[in-house]
Amino acid sequence: MHAVACGSGRGCVCWVPGDIGRLNVARIITVAAAQLGPIQRAESRASVIERMLALMDKAHRGGADLIVYPELALTTFFPRWHCEDRTVADQWFEAAMPNPTVQPLFDRARTLKMAMSFGYAELTGVGRHFNSSVLVDDAGRMVGHYRKIHLPGHVEFDPERTHQHLEKRYFEPGDLGFPVWRSMGGLFGMCICNDRRWPETFREMGLQGVEMVLLGFNTPSVNSQKAAEGLEERMFHHRLSLQAGAYQNATWVVAVAKAGTEDGHHLMGGTMIVDPDGHIVAELQGEEDGVLIHPCDLDASRFGKETIFDFKRHRRIEHYGRITGQVGVIEPD
Ligand code: CDV
């Protein structure tokens, strides 16, 4: 076999088997998982955008086709702050996407022909609030929009906790489901942080054939309600969730942290890329700004999808009624 340029400009390689005489196109997407170090409350959006641009340039030098930034990439993780007047928190929301402050990011991505995904706090035209992310393709087209569905935390100030986690105060649960988009020769989905702990998240996308899930997160390194659950345990659950989601749905998972200490509150790292067999193939060390670059062959998801996780052959939906029919646990008598 020998490699020929496929002409897509996307770094794909066409392997030409001499004895068979047809083209098998490997669908390689080189991904840059762009971790952000801490963003202090006082740091401006413009300063964060400069940091994101520096990561994008580095990703480009590393040959990336797609750059993925974390959840709420443009601001500090503000749900830790309790604002008695809810509207005070609107300072952290974007009323339009793109907007003049983030436009340089869109412009640079288009110039570099790099696709990108990042999370932000979305304020809609009718005053609704979501924890959202977008997927922009390599031609600068907005192809995907996701709103976080599994919101952790609480609504009111909780004096029992070591720190606040007020996502339920500041956001509504997403109303867009878990879509998967066909783009750049593959099938892409998004989810955000706590969504990764729910198998339903991955299965919803798996049932649409997803080949790569893009996922940003801000995870405090200590459980606010259980001090004994620290960094090691949190990282274990993080890996467990990503690896299970990837394997059970035969998909790549790109998980990107906002890490480090924001105004005295520590967020864990753990930026990593997981392959469709559930293996962690790349992991970023440290808690500062950095990119983790890995070539991902989307066809690596085929084997799992056609064998043990061939859903059409093996799923038994007649026994899954509780999954959508009930929320909490109902114990038998
Ligand atoms: N931003 C998050 O969703 N954080 C949660 C924490 C609160 C557990 C997470 O699942 O990582």
Side-chain angles (χ1 to χ4, degrees), residues 33 35-39 41 48 68-83 89 92-93 117-122 129-133 146-158 160-174 176 178 189-202 213-246 253-272 274 283-284 287:
Q35 175 173 292
L36 285 168
I39 300 174
R41 189 174 175 163
V48 176
V68 184
Y69 298 100
E71 173 189 31
L72 299 176
L74 308 176
T75 64
T76 194
F77 188 69
F78 64 85
R80 73 169 63 90
W81 302 114
H82 179 259
C83 298
W92 288 299
F93 283 75
S117 174
F118 64 88
Y120 67 103
E122 177 191 3
H129 300 78
F130 297 101
N131 185 342
S132 299
S133 59
Y146 171 71
R147 291 171 170 163
K148 184 175 182 177
I149 287 177
H150 299 101
L151 297 174
H154 46 114
V155 177
E156 301 299 339
F157 185 87
D158 181 354
E160 301 293 318
R161 294 180 186 243
T162 54
H163 54 269
Q164 303 298 298
H165 196 104
L166 293 154
E167 286 197 58
K168 286 193 194 305
R169 180 177 187 82
Y170 296 129
F171 303 115
E172 297 180 40
L176 301 175
F178 293 103
M190 293 187 278
C191 65
I192 299 179
C193 197
N194 191 262
D195 284 324
R196 73 196 187 285
R197 305 186 194 274
W198 300 88
E200 295 86 347
T201 296
F202 289 101
V213 174
L214 314 176
L215 185 181
F217 62 96
N218 286 248
T219 299
S221 54
V222 178
N223 187 326
S224 64
Q225 296 172 293
K226 187 182 174 193
E229 187 185 310
L231 185 56
E232 201 179 322
E233 183 78 345
R234 297 286 248 194
M235 201 61 90
F236 168 69
H237 290 148
H238 170 61
R239 290 200 179 98
L240 187 67
S241 303
L242 301 179
Q243 292 182 262
V253 175
V254 179
V256 188
K258 174 131 69 60
T261 303
E262 295 187 335
D263 296 293
H265 298 270
H266 188 250
L267 299 168
M268 70 181 208
T271 293
M272 61 183 70
V274 184
E283 185 165 357
L284 192 68
E287 297 174 350

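Every number for a ligand or one of its atoms is a count from 1 in the order of the listing.
- Listed by chain and number, the residues in a ring-ring contact (aromatic ring centres under 6.0 Å, His included) with Tyr146 are Phe178 (sequence neighbours excluded).
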Between the protein and ligand 1, which nitrogen or oxygen pairs come in under 3.5 Å, and how far apart is each?
residue, atom, partner, partner atom, Å
ligand 1, 1 (N), Glu71, OE1, 3.1
ligand 1, 1 (N), Glu167, OE2, 3.1
ligand 1, 1 (N), Asn218, O, 3.1
ligand 1, 3 (O), Lys148, NZ, 2.8
ligand 1, 3 (O), Glu167, OE2, 3.3
ligand 1, 3 (O), Asn194, N, 3.3
ligand 1, 4 (N), Asn218, O, 3.3
ligand 1, 10 (O), Asn194, ND2, 2.9
ligand 1, 10 (O), Arg197, NE, 2.7
ligand 1, 10 (O), Arg197, NH2, 3.2
ligand 1, 11 (O), Arg196, NH1, 3.3
ligand 1, 11 (O), Arg197, NH2, 2.9
ligand 1, 11 (O), Thr219, OG1, 2.7

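- In terms of heavy atoms, Ser241 sits closest to Arg196 at CB-O, 3.3 Å.
- Contact annotation: the side chain of Arg234 approaches that of Glu229 to within less than 4.5 Å [non-hydrogen atoms, C-beta and beyond].
- Every residue was checked against the ring-ring contact (aromatic ring centres under 6.0 Å, His included) condition with Tyr69, not counting sequence neighbours, and none meets it.
- At least one donor-acceptor pair closer than 3.5 Å links the side chain of Thr201 to the backbone N or O of Asp195.
- Under the side chain to side chain donor-acceptor pair (under 3.5 Å) criterion, Arg169 pairs with Glu156, not counting sequence neighbours.
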